[in-house]
Amino acid sequence: MTLAELVAGSVHDAAPALIGWTFLVDGVGGRIVEVEAYDADDAASHSFRGPTQRNAVMFGQPGRLYVYRSYGIHWCANVVCGPVGNGSAVLLRALEPTHGLDRMRARRGTDDDRLLCSGPGRLTQALGLTGTHDGAELGVPPFELVAPDRAAPVERTTRIGITRAADHDWRYVEKGTSWSSRGRRAA
DNA sequence: CAGTGGATGCTCT
DNA sequence: GAGCATCCACTGT
């Protein structure tokens, strides 16, 4: 499956299908092990109340990056999905670091590899993503999204860190991973 | 360990 | 003026 095919469909199909893909920015990144789906009928989604200046990218071309500031401090990155105008996206919550570990350690200011990409704010910091990347097209430099050799086993749970529509099971985690943002295990 | 609260800026009410 | 799709440091066991 190509990236274009994957993001063109429903966000609820694309989100679990993204698990196991390798996401790189300028050669730095890793395997996607945790994501969440957000659509326009979802009270927790930025697109719920229709297009605004901030969420404009969510209503544009699929396969682009939607980046927003979270809690005034962090950046969070999403992959826009579905047909143009439907306002859905997949929040990237955690990666298993595989490429450019040294650059990620330097950006994050830690030698604990478990803390490099296990969380949406950490992930963007490790990969150097900021608001300047909002609306950027994925799959072209400096971005790279590589499909896994075979589909990864995926677990489905409730989303994290939201107050509304928190009961929707739209969080997807690679089964058995120790790199997710919750439930870490020793290496 | 678990639980709490502060940092910090922008969007929408 | 409220409320965040978060993270970290600090507290008390």
Side-chain angles (χ1 to χ4, degrees), chain A residues 7 10-12 14-16 18-19 23 25 29-30 32-60 62 64-82 86-97 104-136 138 154-174 177-187:
Chain A
V7 298
S10 162
V11 69
H12 300 292
L18 269 172
I19 299 292
F23 178 46
V25 181
I32 299 172
V33 297
E34 179 182 354
V35 300
E36 285 177 1
Y38 289 86
D39 72 31
D41 297 322
D42 169 10
S45 174
H46 291 173
S47 57
F48 183 60
R49 294 168 202 277
T52 65
Q53 188 162 13
R54 174 178 64 159
N55 65 21
V57 172
M58 286 187 83
F59 290 91
R64 304 184 98 105
L65 207 54
Y66 167 49
V67 184
Y68 68 92
R69 205 187 265 288
S70 171
Y71 291 89
I73 304 175
H74 308 286
W75 297 101
C76 290
N78 299 247
V79 177
V80 175
C81 289
N86 88 328
S88 64
V90 176
L91 170 67
L92 302 175
R93 286 197 56 92
L95 306 180
E96 173 184 339
M104 291 196 275
R105 292 185 189 114
R107 285 170 176 155
R108 291 274 304 123
T110 178
D111 284 333
D112 187 344
D113 292 351
R114 201 152 308 279
L115 299 178
L116 292 182
C117 299
S118 58
R122 294 168 177 164
L123 178 161
T124 53
Q125 189 182 18
L127 271 56
L129 291 171
T130 69
T132 65
H133 301 283
D134 186 38
L138 293 168
V154 176
E155 225 167 8
R156 175 179 162 165
T157 73
T158 62
R159 292 180 294 185
I160 289 178
I162 55 174
T163 54
R164 294 175 302 213
D167 53 322
H168 290 162
D169 286 352
W170 290 349
R171 171 176 177 254
Y172 301 93
V173 185
E174 180 178 17
T177 187
S178 54
W179 300 99
S180 69
S181 64
R182 300 271 175 104
R184 289 173 220 137
R185 293 187 304 208

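First the proteins, then the strands, lettered A, B, ... as listed; each starts at 1.
Rounded to the nearest Å, the gap between the P atom of dG6(B) and that of dA2(C) is 16 Å.
A donor-acceptor pair shorter than 3.5 Å cannot be found between the side chains of Q125(A) and R107(A).
Base pairing of dA2(B): its partner is dT11(C), meeting the Watson-Crick or G-U wobble criterion (both donor-acceptor distances under 3.5 Å).
Under the 3.5 Å distance criterion, the side-chain polar atoms of R108(A) are left unmatched by any main-chain donor or acceptor of M104(A). Between the side chain of S45(A) and the main chain of Y38(A), no donor-acceptor pair closer than 3.5 Å is present. Looking at D134(A), its side chain does come within 3.5 Å of a backbone N or O of V67(A) through a donor-acceptor pair. Judged purely by atom type and a 3.5 angstrom limit, R64(A) has no side-chain atom pairing as donor or acceptor with the backbone of L138(A).
Protein chain A contacts DNA chain B from dA7(B) to dT13(B), reading 5' to 3' and using non-hydrogen atoms of the protein with a distance under 4.0 Å.
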*Assign a letter to each nucleotide of nucleotides 2-7 of chain C from its 5' end: B, base within under 4.0 Å of a protein heavy atom; S, sugar-phosphate only; -, no contact.*
--SBBS
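We find that R159(A) and E36(A) are not joined by a salt bridge, their nearest charged nitrogen and carboxylate oxygen being 4.0 Å or further apart. Under the 4.0 Å criterion applied to side-chain N and carboxylate O atoms, D112(A) and R105(A) are not assigned as salt-bridge partners.
Taking the six-membered ring where the residue is Trp, H46(A) and Y68(A) present perpendicular rings, their angle passing 60° and hence far from 30°.
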